[in-house]
Amino acid sequence: MPAERKVCLSGSGLTKVFGFGRRKTVAVDHVDFSFYEGELVSIVGESGSGKTTFAKMLLGLLKPTEGEIYFQGKKRDISTQKKRKEYWKNIQAIFQDPYSSYNIFRKIDTVLLDCIHMRGGRGLPRAKKLEMMEEACSFVNLKFEELTNKYPFELSGGQMQRLMIARVFLLKPKILLADEPTSMIDACSRATILDELMQLRDEIGMTIIFITHDIGLAYYVSDTVYIMERGRFVEHGSADEVILRPKGAYTRRLISDVPKIYEEWDLSTV
Amino acid sequence: MRHTIQQVFRSGKFVVGFFILVAMLLIVIVYPLIVTYPPLQIISQGTFFPPGIYVNVYDSIGSTRYTLNLENAAANRIASKLSNNDRHAMKDWLVAAGIPENEIDINDTEQLLGLWKGNYDPRVNIAGMTNAQRNYYIRLNNSLQGLLSTEAVIIAARNADIGALQEAGVINPSDYVNVNQVPNVRVLPLGTNSFGRDVLTELVKATAVSLQIGFVAGTIATLIGLTLGLLAGYIGGLVDDIIMFFTNLFTVIPTIVLLILISFSIGQEKRGAFTIAVVIGFTSWVWTARAVRAQVISLRNRDHVNLSKLSGHSVAHIILTDILPYIASYVVMALILQISTAILAEAGLSILGLGPKTTEVPTLGLMLNWALIYQAPILGKWWAYLPVILTIVLVTFSMNLMNTGLDQVFNPTLRE
Ligand SMILES: Nc1ncnc2c1ncn2[C@@H]1O[C@H](COP(=O)(O)OP(=O)(O)O)[C@@H](O)[C@H]1O
Ligand SMILES: [Mg+2]
C-alpha cells in the first residue's frame with residue numbers, strides 16, 4: 001500500500017432504489033466509501049446484496065437515486081457524452097458474465113481497436129495498431145493471430161475474460177472495476193485470470209475494485225475489504241483487520257462458509 | 001450471418017412460403033413480357049364472358065376446312081343444346097299436356113324431340129305454370145329448331161353490285177378448322193369481368209400493384225416503427241414519454257377507422273396507388289414501434305451495451321451496432337407481417353370504395369370491389385372474384401408461413 005494515501009474515488013450517501021410501491025427494492029442503501037489510489041479494494045457480499053448495482057453506479061452506467069460520487073476529489077460530472085467519455089478513460093470494468101459482455105456481431109479485432117481509438121490512437125498507422133493489439137494479447141497469453149477475424153463467442157469463457165483484461169491493458173485506466181470476473185468460468189482458468197489481473201495492476205498501477213462473494217478470495221487479493229449486506233457496508237478496513245478480527249455476525253458467517261481461510265492460500269483451489 | 005440464413009432456409013415452413021412468394025413475383029414479372037396487352041383494355045362487348053378459348057368465327061370460315069368423321073360429333077352437338085335439365089323439363093311439359101309418362105324416354109333424343117314437335121304449342125296454357133316458365137319453354141323450343149338436321153349450312157355474302165346474297169361456301173356438320181390456322185384466337189383463361197377486361201391479365205397487374213403497395217406501406221411502417229421504437233426504448237425519459245403518447249394515441253383509434261377517414265378526406269381524385277400505400281404505411285407503424293421498444297428496453301441494460309458505452313461509443317453507434325443487429329431478425333419478421341397486413345388493408349379499403357382511383361391501375365382490392373358492385377357473386381360469375389380472393393389468400397398465406405418459419409428459427413422454444 002502506498003505511503004501517501006490519496007483518495008481516488010469516494011462517495012457519500014450513495015443510494016439506488018429500483019421500482020416503487022410494493023415492488024420497491026433498495027439495492028444500495030446510503031453507502032459511504034473512500035477508495036485510495038493504487039489499492040485493491042474488495043467488495044464482499046452475498047448474491048443480491050447490491051454489489052453489481054453499486055459497481056454500475058461507480059461506472060456511471062446507472063444513475064444513483066441519491067448521493068454523490070467524487071472522482072479525484074471533485075464531484076463527478078458525467079452530464080454530457082463528452083464528459084462521460086472522458087470519465088470512462090479513467091474507469092473501466094470487467095463484467096461477471098463474459099458470455100454476455102461482448103457484442104456477438106463484432107469481431108475481436110474491433111473490440112481491441114475501439115480501445116486504441118479511445119486512447120486517441122485513431123490516426124496511428126495500421127502496423128502500430130497491430131503491434132499494440134499483439135502486445136495486449138500476449139500480455140494475457142492469447143495469440144493475436146488466432147483471434148483476428150474471430151468472434152468473441154468462438155472463445156471459451158476464460159479466454160473471453162482474458163480478452164477483457166487485454167482491453168484494460170490497452171486502455172490503461174486509473175480505476176478498474178472487476179465484478180466477480182471469475183465466478184462464471186471454469187475453475188482451471190480462475191487462477192490464471194487472477195494472476196493476470198495482479199500483473200496488470202503492477203504494470204499500470206491502477207486502483208482495482210474487486211467485487212466477489214468469496215471472502216477467502218478477497219482475503220487473498222486485497223488491501224482493503226468492504227463487507228456489503230443488503231445494500232449497506234456493514235464493515236470495512238484492511239483485509240487482515242476485517243477478516244481475521246471480524247466484528248459483525250454477517251462477516252463471521254461469510255468467513256465460516258470458507259473452510260480454509262487461515263491457511264496459506266493455494267492458487268490451484270481458487 | 002451466413003449461418004443464420006442457412007438455418008432459415010432449412011425451415012420447411014419458411015421455404016414453402018418463400019417459394020410461393022417468389023413464384024408469384026416471377027409470374028408478375030414474366031407474364032407482362034409474354035402477354036403484352038394493356039391490362040385495363042376493354043376487349044369484350046358485354047360483361048363477364050366465361051373463361052375459355054375464343055376463336056374468331058369470321059376467320060374460321062375463311063380458314064382451310066378439314067373433314068373429320070368423328071363418332072360422337074352429333075351427340076356432342078345435341079348435348080350442348082339439350083341438357084339433362086332441359087330433357088326433364090320437356091318431359092314435365094309433355095306429361096302436363098297429357099302424354100302418358102311411360103311413353104316418354106328422356107334418354108332417347110329422337111323420340112323425345114318427335115313427341116315435342118308433335119305436341120308443343122306455346123299457346124297452350126298449363127295450370128300452375130309461371131310466366132318465367134312459359135318463357136323458358138319458348139326459348140327452349142327455339143333452340144331445338146334444326147337440332148337433328150344433318151344438312152349443310154350455306155354461307156352467303158352480299159354482292160356489292162347488285163345487293164343480292166350470293167352463295168360463298170357450304171359448311172358441313174363434319175367440317176373442322178385447325179385453331180392454329182385461325183388468325184384470331186384469344187385465350188381468356190379467366191374470362192372477362194364487369195368492364196369487359198381480360199381478368200387474368202388484369203389480375204397479374206393487380207397483384208403486382210398490390211405487392212408494390214404492400215412493400216411501400218410495409219417499408220414505411222417498419223421504418224417509422226423501428227426508428228420510434230429504437231429512440232423511445234434506448235433514450236427513454238422525455239423522448240420515450242412523447243413517442244409513447246403518440247403511439248398510444250394511434251393505438252386507441254383503430255387503424256382501419258383512421259385509414260377510412262384519411263382516405264375519405266383525400267378524395268377520390270387524388271388517391272393513387274402510391275398515396276394509398278403511404279397512407280397505410282403512416283397509420284400502421286404503431287405495432288412495430290411498441291414491439292421494437294419492448295425489445296430495446298430488454299437490451300439496453302445488457303453488458304455488451306455497457307461495454308460499448310465504456311468504449312466511448314456514441315448513442316447513434318450503440319443503437320446501430322449494439323441494439324439493431326440484435327433485433328434484426330425481429331424487424332424482418334415485422335416487415336413481412338406489415339407487408340401482408342398492408343395488402344389486406346388496401347383490399348379492405350378498396351372493397352369499401354376508398355381504394356386507389358379506379359381509372360389508372362387495378363389492385364386486388366379494386367378487382368374485388370368491381371366484382372361486388374357488378375354482383376358477380378350473385379350472378380355466379382366466379383372467375384371475376386374467386387381468383388382474386390385466391391391470390392390475396394396465397395400472398396398473405398405465403399408471408400405468414402415465412403414468418404412462422406422465421407419465428408421457429410429465431411425462437412427455438414417454439415420448435416416442435
Ligand atoms: N434493474 C433492476 N431492476 C430492479 N431490481 C434490480 C435491478 N438490478 C438489481 N436489482 C435488485 O437489486 C438487488 C441487488 O442486485 P445486484 O446489485 O445485482 O446484487 P449482486 O450483484 O450483489 O448479486 C437485488 O435484489 C436485485 O433483485
Ligand atoms: Mg452481481
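No experiment lies behind these values; they were computed from the predicted model shown. Side chains are part of it too, since the values below use all heavy atoms of this structure and drop only hydrogens, waters and symmetry mates. By convention in this document, chain letters (A, B, ...) are assigned in the order of the sequence lines, proteins followed by strands, and residues within each chain are numbered from 1.
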(request) Tell me, for A/K56 versus chain B, whether the close heavy atoms (under 4.5 Å) come from the side chain, the backbone, both or neither. (result)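 When you check distances to chain B, only side chain atoms of A/K56 fall under 4.5 Å.
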(message) If I measure from the heavy atoms of chain B, does A/R84 come under 4.5 Å with its side chain, its backbone, both, or neither?
(response)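 Contact with chain B is absent: no heavy atom of A/R84 under 4.5 Å.
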Distance from [X] atom [atom1] to [Y] atom [atom2], nearest 0.5 Å?
X	Y	atom1	atom2	result
B/N306	A/W88	CG	CH2	8.5 Å
A/I94	B/D303	CD1	CG	12.0 Å
A/K89	B/S311	NZ	OG	12.5 Å
A/L171	B/L310	CG	CG	9.0 Å

Surrounding [atom1] of [X] (heavy atoms of other residues, nucleotides or ligands, distance under 6.0 Å), is the total greater than 12?
X	atom1	result
B/F215	CZ	yes
B/F274	CZ	no
A/Y70	OH	yes
B/R300	CZ	yes
A/F153	CZ	yes

(message) If we ignore hydrogens and angles and just use 3.5 Å, is the side chain of B/Y326 paired with the main-chain N or O of A/I104 as donor and acceptor?
(response)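 Yes, because the side chain of B/Y326 sits within donor-acceptor range (under 3.5 Å) of the backbone of A/I104.
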(message) For B/H313, is there any backbone N or O sitting under 3.5 Å from a side-chain donor or acceptor partner on A/Q81?
(response)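 Checked: pair present.
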(message) Give me the atom names and distance for the closest heavy-atom approach of B/L307 to A/F95.
(response)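 For B/L307 and A/F95, the tightest heavy-atom pair comes out as N-CE1, 4.0 Å.
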(request) Work out which heavy atom in A/R106 is nearest to a heavy atom in B/D322; give both atom names and the distance. (result)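 Shortest heavy-atom contact: CD-OD1, 4.4 Å.
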